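Read through the structure below, which is laid out as structure tokens, and then see the notes.
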Amino acid sequence: MRNLLRRRDLLLSSLPLTLAACGASDKDASTVGTSTQEVELFSWWIAPSEADALDALIALHRQKYPNERVFNGAVESGAKAKEVLAERIAAKVPPDLYQENAYNLPVVREQNPGSLLTITELFDAEGLRDVLLPEVIDDVTIDGEIAAMPVNVHRENSLIYNQHLFEEQGLEVPTTLDEFFTVCDALKAAGITPLATSHTGWIQRILFNSLTAASMGAEAYRSYFLGESELDEPALREAIGLLDRVLTSYVNDSASDVEFGWTDCADLLFNGQAAMFIHGDWAKGYFTSNGWDPGTSFGVVGTPGAADLFLYGVDVLALLDGAKSPEAAQDFLRVVASKEGQVAFNKIKGSTPIRLDVDSDDLDVVAQATLKSLRDAKLRMLTRSKATWDAALEAFAASRDVDALIAAYRDNPPGA
């Protein structure tokens, strides 16, 4: 327990001043003589743009609930943060709230029975069933109860492009696979890396999902990844061929470098060293935090050949059994779900609000277009992932072993 507290204290000392001011150590004059409830949120949003977005929510919460303080108890991101969280849950010293991906909620419930507290009453009291997409409501519903509060929608089949490079080269943004490869050839001929990527498994999965949806078609892709149809091996082999073509001919040489991550890919676009990035649109938040203007410096559209499919992830905040401040934690969830909170967070994070009733004029032009795409999409689908797929895709990036990658999907089908 002492080590966990030290990890939290290290985070509080390293965060921006505005976030640290909302932390457990904050005892300013306005709270002297009052009873302050502290809410520990465990979130791996610690990268600059992500931390700024979380900061905005915490600041808004502080305005609405001045006697409550929210602080982030995580000091790592990704897998490392999840390991620490698992240790804390097992040790019966959980945070009040923690960040999760909606698709992982059933797994968490199965692995940690009774650990998640349902928030159906709060959800309904806030009238959220009337303003959220039915798919998002389904994504956070388990056994008829709301298992967590959705925070945002991130489109994962996004083509992010350096608008300056496209204009300089006189190129149109591709809408089909054929156009995509034509653009790649033109950029390569001009000495520009067409596509930034990393061989990291989950980053490869996002790229592969987009190519597979374009190759199979949105309907077939959705049917397979929802577990409604059997694996069409020839179709999967064709999609793997597209991935092989992309990795062989059009990506940065640094893709295989150890610890080369998604922000490094984004930096290649930002520095004009690459023109495109097929990734989640959280990269938008990274670009804007670095001073790029959406719609002028860069653009974000649905991936070529599959723009009618809105493949998305939903970040959620879950209330944990054993929370020390459950009522104050629910107050924070109210702020998260409010119109004001949705705009404050998502305009920085680069994601799309969960609420369809937000005023789109409060969003930038790229965010407005993405919200419209979400509303109008022919098919909307929560992304599916498995650790075995990610590992196989990372291995494929190095070996190009088609049969091994097919086996990973055949032996670990969606829904199994």
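Everything quoted here is computed from the prediction, not taken from an experiment.
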How long is the span from the OG1 atom in T193 to the NZ atom in K188, to the nearest 0.5 Å?
9.5 Å

Are Y409 and F208 close enough that their ring centers fall under 6.0 Å?
yes

In terms of the angle between their ring planes, are W262 and H279 parallel, tilted or perpendicular, with boundaries placed at 30° and 60°?
parallel

Roughly how far, to the nearest 0.5 Å, is CZ of F345 from CD1 of I58?
10.5 Å

S351 versus N346, side-chain donor and acceptor atoms under 3.5 Å:
yes

Charged N to carboxylate O under 4.0 angstrom, D124 versus R129?
yes

Any R384 side-chain heavy atom under 4.5 Å of Y103 side chain
no

What side-chain donor-acceptor pairs closer than 3.5 Å can you find for residues 251-258, not counting sequence neighbours?
| from | atom 1 | to | atom 2 | distance (Å) |
| --- | --- | --- | --- | --- |
| N252 | OD1 | T197 | N | 2.8 |
| N252 | ND2 | T197 | O | 3.2 |
| N252 | ND2 | S254 | OG | 2.9 |

Is the number of heavy atoms from other residues, nucleotides or ligands within 6.0 Å of CG (D143) greater than 12?
no

Between atom CZ of F180 and atom OH of Y250, what is the distance when rounded to the nearest 0.5 Å?
8.5 Å

How long is the span from the OH atom in Y161 to the CD atom in E167, to the nearest 0.5 Å?
8.5 Å

Exceeds 12 heavy-atom contacts within 6.0 angstrom, atom CD of E327:
no

Which distance, rounded to the nearest 0.5 Å, do you find between the CZ of R334 and the CG of L122?
5.0 Å

Does the plane of the ring in W292 sit parallel, tilted or perpendicular to the ring in F287? Use 30° and 60° as the thresholds.
tilted

Between T296 and D293, is a side-chain hydrogen bond (donor to acceptor under 3.5 Å, both in side chains) present by the stated rule, with each step listed?
CA-CA 5 Å; T296 302; D293 183 31; 2.8 Å; yes

Apply the test side-chain hydrogen bond (donor to acceptor under 3.5 Å, both in side chains) to residues E145 and T120: give CA-CA distance (whole Å), side-chain angles for both, the deciding distance (0.1 Å), then the verdict.
CA-CA 6 Å; E145 299 287 345; T120 306; 2.5 Å; yes

Considering all heavy atoms of both residues, which atom of A306 and which atom of N157 are nearest to each other, and what is their separation?
O-ND2, 3.4 Å

Distance (rounded to the nearest 0.5 Å) between H199 NE2 and Q204 CD:
5.5 Å

Let me check something: any side-chain donor-acceptor pairs from residues 218-228 under 3.5 Å, sequence neighbours excluded? List them with distances.
| from | atom 1 | to | atom 2 | distance (Å) |
| --- | --- | --- | --- | --- |
| Y221 | OH | N209 | OD1 | 3.3 |
| S223 | OG | S229 | OG | 3.1 |

